[in-house]
Amino acid sequence: GTSYNVDSVTDGCSCPGNTDIVWITNFANATYTTVGMTNVDLYVMVQDDTKATTGITIRVKDNAGTNTDASEVMIAAFGTQ
């Protein structure tokens with residue numbers, strides 16, 4: 001699909017559910033807002049301690065709170081660049 005202002009999306013680590021997203025144009029500060037969605041019965045969470053002007057790390061969890069890989073994840077970020 002189309003990626004607006006996304007430079008790269010990579011596996012965040014060897015553990016399931018973590019994904020790193022790097023922006024093409026950096027945000028002015030790390031106080032931008034993100035929203036995300038994914039498959040049914042899965043949740044997208046932003047790791048605030050990894051949120052930077054250059055990108056974020058997200059986690060996908062199931063209903064039991066276990067990190068899991070998702071077949072699709074959609075993220076939108078809003079803030080000053």
Residue pairs passing the disulfide (SG to SG under 2.5 Å) test with at least one member in residues 3-79, sequence neighbours excluded, are Cys13-Cys15
Taking every heavy atom of Thr34 against every heavy atom of Ala77, the minimum-distance pair comes out as CG2-CB, 3.9 Å
Is there a side-chain contact between Phe78 and Val35 (heavy atoms, below 4.5 Å)?
yes
Discussion item. For a side chain to side chain contact (heavy atoms under 4.5 Å, CB included) check, start with the C-alpha distance between Tyr43 and Asn63, then their side-chain angles and the critical distance, and finish with the verdict.
Written reply: CA-CA 8 Å; Tyr43 303 93; Asn63 284 332; 2.9 Å; yes
For residues 30-67, the disulfide (SG to SG under 2.5 Å) pairs (sequence neighbours left out) are none
(Q) Can you confirm whether the side chains of Asp20 and Thr57 place a donor and an acceptor under 3.5 Å from each other? (A) yes
In short, side chain to side chain donor-acceptor pair (under 3.5 Å) pairs touching residues 69-81 with sequence neighbours left out are Asn39-Ser71
When rounded to the nearest 0.5 Å, the distance separating CG of Asp62 from OG1 of Thr38 is 11.5 Å
Is Met37 atom CE crowded by more than 12 heavy atoms from other residues, nucleotides or ligands, each under 6.0 Å away?
no
The remaining residues in the hydrophobic cluster of Val6, counting side-chain heavy-atom contacts under 4.5 Å among Ile, Leu, Val, Met, Phe, Trp and Tyr, are Val9, Ile21, Trp23, Phe27, Tyr32, Leu42, Val44, Val46, Ile56, Ile58, Val60, Val73, Ile75
Heavy-atom donor-acceptor pair, Asn5 side chain to Thr25 backbone, under 3.5 Å
yes
Contacts of Asp41 meeting side-chain hydrogen bond (donor to acceptor under 3.5 Å, both in side chains) (sequence neighbours excluded), chain-then-number -> none
Tightest non-hydrogen contact, residues Lys61 and Thr68, listed as C-CG2, 4.1 Å
So disulfide (SG to SG under 2.5 Å) across residues 43-81, not counting sequence neighbours, yields none
